[in-house]
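These notes concern the structure reproduced below.
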Amino acid sequence: MSQQASPRGTFLKIADVVRAQIEADEEMTTLPSAAELMREHGVSRGVALRVFGALQKEGVAEPVPGGRWRVVRRGESIDRRPLAERLADVITDDELPVGATFPSTSALSARFNVSRPTVSKALDKLQAAGLVSEGRQGKQRTVLALPGEESVKP
């Protein structure tokens, strides 16, 4: 891309290119990384980040904590609740009884498309609420209480 000043803004032109890629590829679920945009278009990190901001403002993309930017399709229903609330729903959705093994951090990371550290922070909130046991290396978490019930301490 030319290094000359653009009257419309380089970041908006790049946003147009990315939007066209999204429209052309129905399978596209994540945006290119900032590094990829920088390399492909010869721009700075600041310009790449402005591309993400422009696409978010248009409702085409949203940031994923601990991950890449996610493509938002029209009419798509998105659960915007905090991750800890969605993890608490795993107990109900997967019909896990008290004492059952809770899914691993890796499995939850893949299921919710977020990083493992992000899942760990949300699991700490469930532990503080008394819903799951403490997780340690080599020891899986277990369900201590069902959502909506009083916490049960063993």
Side-chain angles (χ1 to χ4, degrees), residues 11 14-41 43 45-154:
F11 76 98
I14 297 170
D16 289 341
V17 170
V18 174
R19 192 178 321 94
Q21 290 172 338
I22 292 168
E23 291 170 1
D25 183 1
E26 289 292 322
E27 300 297 315
M28 186 176 185
T29 58
T30 59
L31 297 184
S33 68
E36 290 168 342
L37 289 177
M38 291 165 56
R39 187 174 43 254
E40 289 175 26
H41 300 279
V43 295
R45 181 168 179 78
V47 171
L49 296 177
R50 289 184 75 187
V51 170
F52 296 141
L55 293 171
Q56 181 180 21
K57 189 175 181 179
E58 296 170 16
V60 175
E62 68 179 0
V64 175
R68 284 186 164 197
W69 282 73
R70 178 184 172 296
V71 173
V72 177
R73 304 272 179 201
R74 287 188 178 96
E76 183 177 347
S77 124
I78 300 166
D79 190 348
R80 298 192 187 278
R81 294 176 302 145
L83 183 59
E85 288 180 27
R86 293 185 285 153
L87 291 180
D89 285 349
V90 168
I91 297 170
T92 307
D93 295 345
D94 293 2
E95 300 177 357
L96 300 174
V98 172
T101 301
F102 199 73
S104 69
T105 304
S106 296
L108 293 168
S109 175
R111 182 171 175 172
F112 290 97
N113 197 27
V114 296
S115 70
R116 287 176 41 197
T118 300
V119 171
S120 293
K121 288 178 185 176
L123 285 170
D124 289 344
K125 292 178 182 178
L126 292 186
Q127 179 185 336
L131 293 175
V132 297
S133 66
E134 180 180 4
R136 294 185 211 146
Q137 187 171 352
K139 181 182 177 212
Q140 286 202 270
R141 294 179 188 267
T142 57
V143 177
L144 296 178
L146 302 178
E149 293 183 359
E150 291 297 317
S151 297
V152 178
K153 298 287 182 187

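In what follows, every heavy atom counts, from backbone to side chain, and hydrogens, waters and symmetry copies are set aside.
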Subject >> Trace of the side-chain contact (heavy atoms from CB on, under 4.5 Å) decision for L146 with V98 >> reply: CA-CA 7 Å; L146 302 178; V98 172; 4.1 Å; yes

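- Contact between Q127 and G135 at its shortest, heavy atoms only, is OE1-N, 4.3 Å.
- Atom CD of residue E134 and atom CG of residue L123 lie 12.0 Å apart, to the nearest 0.5 angstrom.
- Tested against I91, the residues L126, V143, L144 include a single side chain to side chain contact (heavy atoms under 4.5 Å, CB included) partner, V143.
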Original post:
Stepwise, does the side-chain contact (heavy atoms from CB on, under 4.5 Å) test hold for F11 with V43?
Top reply: CA-CA 9 Å; F11 76 98; V43 295; over 6 Å; no

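- For the pair L31 and I22, the tightest heavy-atom approach, listed with the atom from each and the gap, is CD2-CD1, 3.6 Å.
- Contact detail for A54 and A15: the closest heavy-atom pair is CB-CB, 4.3 Å.
- For the atom pair CZ (R73) and CD (E23), the distance works out to 9.0 Å, reported to the nearest 0.5 Å.
- Not counting sequence neighbours, the partners of S133 by the side chain to side chain donor-acceptor pair (under 3.5 Å) test are T142.
- Using a 4.5 Å cut-off on side-chain heavy atoms (C-beta onward), V51 and W69 make no contact.
- The shortest non-hydrogen separation linking L87 to A122 is CD1-CB, 3.5 Å.
- The two residues A88 and P147 have their closest heavy-atom pair at O-CG, 3.4 Å.
- The side-chain heavy atoms of V47 and H41, taken from C-beta on, include no pair separated by under 4.5 Å.
- Annotation for L96 and P103: closest pair CD1-CD, 4.0 Å, computed over non-hydrogen atoms.
- Partners of E36 by side chain to side chain donor-acceptor pair (under 3.5 Å), not counting sequence neighbours, listed by chain and number: R68.
- For residues 47-61, the set of pairs meeting the salt bridge (Lys or Arg N to Asp or Glu O under 4.0 Å) definition, not counting sequence neighbours, comprises R19-E58.
- Residues forming a side-chain contact (heavy atoms from CB on, under 4.5 Å) with P117 (at least two apart in sequence, or on another chain): S115.
- Under the 4.5 Å side-chain criterion, counting only non-hydrogen atoms from C-beta, V18 is in contact with L37.
- The salt bridge (Lys or Arg N to Asp or Glu O under 4.0 Å) pairs that include a residue from residues 109-133 are D94-R111, D124-R141, where partners are two or more places apart or lie in different chains.
- F102 pairs by the ring-ring contact (aromatic ring centres under 6.0 Å, His included) definition with nothing, not counting sequence neighbours.
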